[in-house]
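Worksheet for the structure shown next.
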Amino acid sequence: MPPALLKSLFAGTIFSSAFLLFLVQPLIAKQILPWFGGSAAVWSICMVFFQVVLLAGYGYSDWLTKRPARWQAMVHATLLAASLAFLPIVTAAHWKPTGTEDPSLWILGLLIGTIGLPYFLLSTTGPLVQSWLARTPWGAQVYRYFSLSNLASLVSLLAYPVLIEPYSALREQALGWSWAYAAFVLMCIAASIYAARLTPVVHTPSDAARGEPGAAPSWSTYGVWLALPALGSWLLLAITNHITQNVAAIPFLWVLPLSVYLFSFVLTFENDRWYRRGVMLPATAVALLLCAYGLQDGIGYDVKTGVPLYVAGLFVLCMFLHGEMASMRPGPRYLTRFYLMLSLGGAIGGVTVGLVAPHVLPAYYELGIGLVLVAVLGWIIFRRQPARAVACALVAVACGYFLWQQIRGEQDGTRQMARNFYGTLSSLDSLDKDHPERSVRQLYHGSVKHGEQHLAADLRREPTAYYGRTAGIGRALLSAPEAPRRVGLIGLGAGTLATYGRTGDVYRVYEINPQVFSFADSEFSFLKDSAAQIERVLGDARLALEREPPQRFDVLAVDAFSGDSVPIHLITREAMQVYLRHMRPDGVVAFHVTNRFLALAPVVEKIALAQGLHVAFVHDEAEDSDLRRTDWVLVSPSAQRLQVPLIQTATSTIQPIPGLRLWTDDFNNLFGVLK
């Protein structure tokens, strides 16, 4: 094969593997998100899985490259052929949770059983093919192919929400990916066959990497190889959690941190000119101090300052971490070992933030801890350079002080705080000394308010926030038949809607997060004060409703769309069919679509009209009151039910979205409904 063609084969194999590797991540996550309440934590667990499998792939590559070339080709080609049995990558129904499992472990098992071997083999391609390339005359620049793989990952990440998701159904995406993977398998097998025939080329020290080609890395070098990518991965997940949970609940905001993380790899491994210590070390110190300061100051939590601060900060910090990693890259002999340590470090950072932190830390303190550790690592790297070592130590102390201030500030103003797989819940009292009647206790999930209750004894049973009598849900409940009512609530919050309960009524609450029940019981009195009988169902609402016999609800409130992690499976055609099975003939399904960033009312309207249902859109400005401005879409099989004066007089017109397609379980697109 001509050298140019062989070079293209290797480059194409690396590019396609990285592209498919990152494309499958949102694709598979989107398939399983509906089964776990659409929680942002699902993405974090998926990231942990991807990092751990990447580690296994790099370990396999390191092991395989120590074997004879022909043996490498035979083993790898066999595994590639076997992986085709996993196609197409469509999650099986038997993986649906019942609601009693540990979500983290269940998701990991699901991913292993669905895409384990294909993802494992995609992850081996970068280091393995680069080790084959090291045998060629152009192998001296082998690390540039690592930059190429990260560029492919970045292209894939940006292409999915813009070019793929809006124009194809989920099953079509899975089938298309599966065909592309099959083509990759053929390419990779061809590359392995040609690699087995190559005669190794010995590169001179000037052609090789910075280190001497034959020099074995020391244990301290291995330690730094491990720590640098570990903190890069740590900061990626920690900053993603901070800006999506504490700064702004904006869909797709997680794409920004991941993009700059990948871009830093592209720059630092493409050419040494992109990382200059004289520039990057002062910039890193400034980024550490600003990011740490922002954690205990308003600039770190305001969307106008917090997002640019932490996205830019992540880029600078990753340029430092990955730039130092690139500067320590060894000769081709230790290439796969280098990548193994890089992957192991990434997995350690990901596991620490994604799996350990939610069970150990009461709130999102891992970012502050990570900033301190970066400064400490800088001291370790530059400990023999007094000026730089002292600067790193001072920065570490300053970051530690700001972390302490963050913890003290959050604890002082908070009554109760708890964290689990689904995020951080906190309750706090907002006191108004001049107007005591306005003092309230509030419930927050990250930066999103999920309810509040008056502290004054005579107002404790008053509906508040999004659930006032003039809101759509208030009108739906107050206009329901006078006979004892059966009401379903998807999403509990503080339990405010229970205030509408009367003697003889039954309110059945579906809540996926057990800590929400705990907060509603211990911090608020809506449930205990309600005259209605309260039934509780723990687990994903749609999965529970699919298993239950018809509930014959008079009103079903679907209240789960206020944050960034919109549970799309609750707002599709198939979801509506599930709801209708549980409704009385004149029942009302009330969708809470108040959202600063998403226009969900047209989505609900399109789903309802496609099934011959009737719609009333209630927009409530809540003027002259302490209530929140709200948008509710009321859906019913009965036109007369929505024409009662209490609802009809408040009905508004829904502004259409041109080109909006019907949302189904197989097709939905948040990008198309961004405001």
To the nearest 0.5 Å, what is the distance between CD1 (Ile28) and CD1 (Ile89)?
-> 5.0 Å

Hey, are the side chains of Met328 and Val224 touching, using non-hydrogen atoms and a 4.5 Å cut-off?
-> yes

Can you establish whether the number of heavy atoms outside Arg384 located under 6.0 Å from its atom CZ is more than 12?
-> no

Find the distance between CD (Glu511) and CG (Asp559) and round it off to the nearest 0.5 Å.
-> 10.0 Å

Distance from Leu267 atom CG to Leu262 atom CG, nearest 0.5 Å?
-> 11.0 Å

State whether Glu366 and Arg419 are salt-bridged, where the test is any N-O pair (Lys NZ or Arg NE/NH1/NH2 against Asp/Glu carboxylate O) under 4.0 Å.
-> yes

Flag if over 12 foreign heavy atoms under 6.0 Å of CZ, Phe517 | yes

Search all heavy atoms of Pro362 against all heavy atoms of Met417 and return the closest pair with its distance.
-> O-CG, 3.4 Å

Before giving the answer on side-chain contact (heavy atoms from CB on, under 4.5 Å), spell out for Tyr160 and Leu23 the whole-Å C-alpha distance, their side-chain angles and the decisive distance to 0.1 Å.
-> CA-CA 7 Å; Tyr160 183 78; Leu23 188 62; 3.8 Å; yes

Less than 4.5 Å apart, any side-chain heavy atom of Arg415 and any of Leu428?
-> no

Is there a donor-acceptor contact under 3.5 Å linking the side chains of Thr221 and Ser218?
-> yes

Between NZ on residue Lys449 and CD on residue Gln442, distance to nearest 0.5 Å = 4.0 Å

How far apart are the C-alpha atoms of Leu455 and Leu431, what are their side-chain angles, what is the distance that settles it, and do they pass the side-chain contact (heavy atoms from CB on, under 4.5 Å) test?
-> CA-CA 9 Å; Leu455 294 178; Leu431 304 177; 3.6 Å; yes

Beyond-backbone contact of Arg337 with Pro217, side-chain heavy atoms, under 4.5 angstrom | no

CZ of Phe269 to OG of Ser327, rounded to nearest 0.5 Å, is 9.0 Å

The reported gap from CD1 in Ile115 to CG in Leu27 (rounded to nearest 0.5 angstrom) is 9.0 Å

For the residue pair Gln405 and Tyr293, confirm or rule out a side-chain donor-acceptor distance under 3.5 Å.
-> no

Which of parallel (below 30°), tilted (30 to 60°) and perpendicular (above 60°) describes Tyr301 and His242?
-> perpendicular

Can you name the closest pair of heavy atoms from Asn595 and Leu598 and give their distance?
-> OD1-N, 3.0 Å

Taking the inter-plane angle between the rings of Trp219 and Tyr222 on a 0 to 90° scale, is it parallel (under 30°), tilted (30 to 60°) or perpendicular (over 60°)?
-> tilted

Using the side-chain contact (heavy atoms from CB on, under 4.5 Å) rule, take Tyr275 and Glu324 through it: C-alpha gap first, then chi angles, then the decisive distance, then the call.
-> CA-CA 8 Å; Tyr275 179 67; Glu324 289 296 320; 2.6 Å; yes

Apply side-chain contact (heavy atoms from CB on, under 4.5 Å) to the pair Asn513 and Leu425, showing each step before the final yes or no.
-> CA-CA 10 Å; Asn513 186 351; Leu425 288 176; 4.0 Å; yes

Where does the angle between the aromatic ring planes of His322 and Tyr261 fall among parallel (under 30°), tilted (30 to 60°) and perpendicular (over 60°)?
-> perpendicular

Does a side chain donor of either Asp540 or His569 reach within less than 3.5 Å of an acceptor in the other side chain?
-> yes

